[in-house]
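Chain identifiers are assigned alphabetically (A, B, ...) following the order of the sequence lines, protein sequences preceding nucleic acid strands; residue numbering begins at 1 within each chain. Side chains are part of it too, since the values below use all heavy atoms of this structure and drop only hydrogens, waters and symmetry mates.
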Amino acid sequence: MKLATWNVNSLAVRLPQALAWLAEHRPDVLVLQETKLADDKFPHADFEAAGWHAQWLGQKTYNGVALLSRSEADGVVRNIPGFSDDQARVIAATVDGVRTIGAYFPNGQEPGSDKFAYKMRWMGALRDWVRAEMAQHPQLVLMGDFNIAPEDRDVHDPIAWAGKIHCTDEEREHFRQLLGLGLVDAFRLFDQPPKSWSWWDYRNLAFRKNQGLRIDHILVSEVLRPRVKACTIDKLPRKAERPSDHAPVVAEIG
DNA sequence: ATGTCACCTGGTAGGTGA
């Protein structure tokens, strides 16, 4: 099966691109982040007309997540159970026997800020919940926009980014704790081209100069690990007219 | 140093978030 994650930075703007990408790649599951749509504005009819099941959790202006699947999605969970949150960041469901969690991690803005503290709290709650989910569902995938570059090789300029948001020791420690639950970064199961990024700032001609970060990830549980056949970043949508600043990440599981 | 994009409010620009 094919699983994918994509931060679309407004589904109102990117709906045509999302539909085109789905039609071309036919993933079994695609999770979206930053839909930026209130629930009553979510274009479920457009997805359904194209043959996709849709689950979503949104809010006006900010955040918002969705899960699109070819098969029906069961056991849908919206946001982290037990963690009171007015931001729409998590959608989870079981599709074809695989527990699939789509997450939009907080950006965190700047170390020491209130938003950074929220990011830490949110990641702690996510970790505890994912641990419980894994106990129930050995076949589990956690994917989305983590807003963390796990290692220096995931950063175009590690010196300039040292200690900055996405690259702090605290964020990287949280990423390692997720791996410590028994998850593995699917992208690093394979030889990859150096300077592989999933996000490029809209500013400073960053995409043209390939100045980016790898902050979008697909983590798979240990039982799925031997079944992962490939994991790639699809840069093509980043070259389109009116692109999202993120590229889709895709994993193939046999 | 910011050469961007998307969204909102309140007003035809400015602020916020990423």
Side-chain angles (χ1 to χ4, degrees), chain A residues 5-21 31-43 46 56-66 79 85-91 102-123 126 143-150 154-168 170-172 174-175 196-217 233-249:
Chain A
T5 177
W6 192 10
N7 180 323
V8 291
N9 184 21
S10 168
L11 188 56
V13 174
R14 236 67 69 188
L15 177 61
Q17 294 186 34
L19 289 168
W21 196 90
V31 290
L32 303 177
Q33 302 87 40
E34 287 207 85
T35 55
K36 300 187 177 179
L37 290 172
D39 284 340
D40 61 336
K41 308 281 194 206
F42 188 83
D46 295 275
W56 63 94
L57 176 67
Q59 64 186 102
K60 190 177 161 187
T61 311
Y62 302 119
N63 310 314
V65 287
N79 266 351
D85 197 349
D86 55 10
Q87 303 188 22
R89 296 190 173 277
V90 174
I91 186 91
Y104 176 47
F105 286 47
N107 174 288
Q109 198 167 58
E110 186 180 7
S113 66
D114 290 348
K115 291 191 174 74
F116 189 83
Y118 164 71
K119 183 176 193 171
M120 294 296 130
R121 277 203 318 281
W122 185 94
M123 289 191 293
L126 179 78
M143 57 183 173
D145 177 358
F146 285 55
N147 271 312
I148 301 172
D154 301 311
V155 181
H156 73 91
D157 185 346
I159 295 171
W161 279 85
K164 299 275 202 300
I165 198 65
H166 312 303
C167 303
T168 65
E170 298 98 309
E171 292 164 282
R172 288 174 169 180
H174 267 282
F175 189 86
S196 289
W197 324 125
S198 67
W199 170 84
W200 301 258
D201 201 307
Y202 282 125
R203 296 168 288 190
N204 311 324
L205 304 173
F207 184 71
R208 271 174 47 181
K209 297 190 277 193
N210 197 30
Q211 296 177 345
L213 306 175
R214 192 177 71 93
I215 55 176
D216 300 86
H217 308 296
I233 298 170
D234 179 12
K235 285 177 72 168
L236 264 177
R238 188 62 176 79
K239 301 178 182 176
E241 293 281 318
R242 294 196 85 189
S244 167
D245 44 353
H246 294 253
V249 183

**Q.** Protein-to-nucleotide contact annotation, 5' to 3' order, nucleotides 13-18 of chain B [B base; S sugar-phosphate only; - none; under 4.0 Å, heavy atom]
**A.** ----SB

Q. Can you list the residues that meet the salt bridge (Lys or Arg N to Asp or Glu O under 4.0 Å) rule with A:R89, with sequence neighbours excluded?
A. none

Q. If the C1' atom of B:dT16 is compared with that of B:dG10, how far apart are they to the nearest Å?
A. 15 Å

**Q.** side chain to side chain donor-acceptor pair (under 3.5 Å) contacts touching residues 102-115 of chain A (sequence neighbours left out)
**A.** A:E34-A:Y104

Q. Taking CZ from A:R238 and P from B:dT4, how many angstroms apart are they, rounded to a whole number?
A. 13 Å

Q.
Going by the rule salt bridge (Lys or Arg N to Asp or Glu O under 4.0 Å), which residues pair with A:D145 if we only count those two or more places apart in sequence or in a different chain?
A. none

Q) In whole angstroms, how far is the P atom of B:dT4 from the CD atom of A:Q211? A) 15 Å

**Q.** Nearest listed nucleotide, side chain of A:R14, among B:dC7, B:dC5, B:dT2
**A.** B:dC5

Q: Let me know the distance between NZ of A:K209 and P of B:dT4, rounded to the nearest Å.
A: 12 Å

Q.
Using heavy-atom distances to pick each residue's nearest nucleotide on DNA chain B, tell me which of A:N204 and A:T35 is more 5'.
A. A:N204

(Q) Tell me every residue that passes salt bridge (Lys or Arg N to Asp or Glu O under 4.0 Å) with A:R203, counting only those two or more places apart in sequence or in another chain. (A) A:D201

(Q) Checking side-chain contact (heavy atoms from CB on, under 4.5 Å) between A:N79 and each of A:V90, A:D86, A:L126, which is the one that passes? (A) A:V90

Q: With sequence neighbours excluded, tell me which residues meet side-chain contact (heavy atoms from CB on, under 4.5 Å) with A:L205.
A: A:R208, A:K209

